[in-house]
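To keep things clear, I will list the structure first and then write my remarks on it.
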Amino acid sequence: MKEHYFDYAATTPVDSKVLEVMIPYFKEKYGNPSSIYNKGQEARLAIEDARERIAKIIGADSSEIIFTSCATESNNLAIMGTSLYQKFQNQEFKNKKLHIITSSIEHHSVLEPIKYLEKNFNFDVTYLPVSKTGIVDLQDVKKAITNFTVLVSIMYANNEIGTIEPIKEISEIIQREKLKRKKENNNLPIYFHTDTVQAIQYISLNVNHLGLDLLSITGHKFYAPKGIGALYIRRGTKFLPQQLGGGQEKHQRAGTENVPYIIGMAKALEIAVQNQKKEAGRLRKLRDKLIREILKKVPDTLLTGDKKNRLPHIASFIFKYIEGESLVLKLNLKGFYASTGSACTSDSLEPSHVITALGIKPQIAQGSLRISLGKYTTEKDINDLIKFLPKIVEELREMSSIKGDF
Ligand code: PLP
């Protein structure tokens, strides 16, 4: 049976050019970058080179990049590190209830550390609502900011519905707040963090043009291995390290660096950026064909997410009267691999918080399917899916006990 992989937003295979540059660092060049002899320094030079190349791609200085194990860690470090620093080290604000703003459709690796701060460290949190297509309202951001807001964390683009957020405009609001605080001698910083896990490979961005303070990435969404990520931290941003016990990453993240994976991630990001425009254009065409044909061929189907402000590789639907899990399993039997939402929550039967935040009722939200494309997706794959998916939905609907008009 031919396999059709449609879950590139969950993870991607490692590019062979990426693997090729990694291999020497598992074998001959296996030194520990903290060792001062040649073999260690060979590894040190290689990771510093990788750091510089990644920094260049996002317009940062290499001293502003910290390597982590994944985006979950990067997001945790960004959120907990900056917020707890202000809570415990900023004398003026020690007994104050600090405030965080985020959106209701963030990845759990953003939402959970924020909830943790809310529950255990007495932070106030504003979870911004989103429009029916998943866009944060700028007026809501403006209104939510208080003199005690220490962090705004809004994702660049959503992993389940592909909606791209107005990051530049949100940043402008935050920059104005920074100026206001300066004038008013308010010594609490307000940091802007964005999770660019799904966006970085398709949208060229510059941390200075966008006025970002913190930005998270992970290698396995752009053809590097799983288990390597990075966090951009603007120079001067104060934060408490979350992992202690070693001087690595200038004491900001203890633990021996994952040398081969760091080198692989830098190469993978370079490849992604080199082909960005062409690949985004190609995927956009395939995605639009898929959306058009599925909406035409399958009745009672909704497209979730924004039509215009949408990542090129994500198409997401709701098929009424069926459950997404059954659809995923039935597709699997035919060799089609897709997901109901984000891979990290697909073992839970709760309707996705992203879909329900769009104002979709939980019983309808159950029928969601995310199809995500990548560099090995061909027009033939799309045509095959267009051929099979309507039949599979129809079969499931015949057996389904979910009826009625929602
Ligand atoms: N943020 C977003 C938007 C994601 O899609 C994911 C993974 O699905 C993550 C964070 C977590 O990334 P990692 O698997 O590297 O921890």
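Counting starts at 1 for both ligands and their atoms, in listed order.
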Checklist entry - Lys226 near ligand 1, heavy-atom distance under 4.0 Å? => result no
Item to check | Lys221 to ligand 1, any heavy atom closer than 4.0 Å | outcome: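 Distance cut 4.0 Å: Lys221 passes for ligand 1.
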Next on the checklist: Please classify the Thr72 to ligand 1 contact at 4.0 Å (heavy-atom distances, strictly less than): side chain, backbone, both or neither.
Outcome noted: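 Contact part for Thr72 vs ligand 1: both backbone and side chain.
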[X] and [Y] ion-paired at < 4.0 Å:
X: Lys17; Y: Glu20; result: no
X: Glu118; Y: Lys115; result: no
X: Glu48; Y: Arg51; result: yes
X: Lys296; Y: Glu293; result: yes

Which of the numbered atoms in ligand 1 are under 4.0 angstrom from any heavy atom belonging to [X]?
X: Asn159; answer: 3 (C), 5 (O)
X: Gln198; answer: 5 (O)
X: Asp195; answer: 1 (N), 2 (C), 3 (C), 10 (C)
X: Cys70; answer: 13 (P), 15 (O), 16 (O)

Next on the checklist: Among Asn75, Asp195, Thr196, exactly one meets side chain to side chain donor-acceptor pair (under 3.5 Å) together with Ser216. Which residue is that?
Outcome noted: Asn75
Next on the checklist: We want to know whether His313 and Gln198 form a side-chain donor-acceptor pair, criterion being a heavy-atom distance below 3.5 angstrom.
Outcome noted: yes
Next on the checklist: Polar contacts were defined as any N/O atom of the residue lying under 3.5 Å from an N/O atom of the ligand; does this apply to Ala71 and ligand 1?
Outcome noted: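 Right, the criterion is met.
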Item to check | Heteroatom distance test (Ser109, ligand 1): nitrogen or oxygen, under 3.5 angstrom | outcome: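 No.
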Checklist entry - Is it true that the NZ or CZ of Lys87 lies under 6.0 Å from the centre of Phe121's six-membered ring and within 45 degrees of the ring axis? => result no
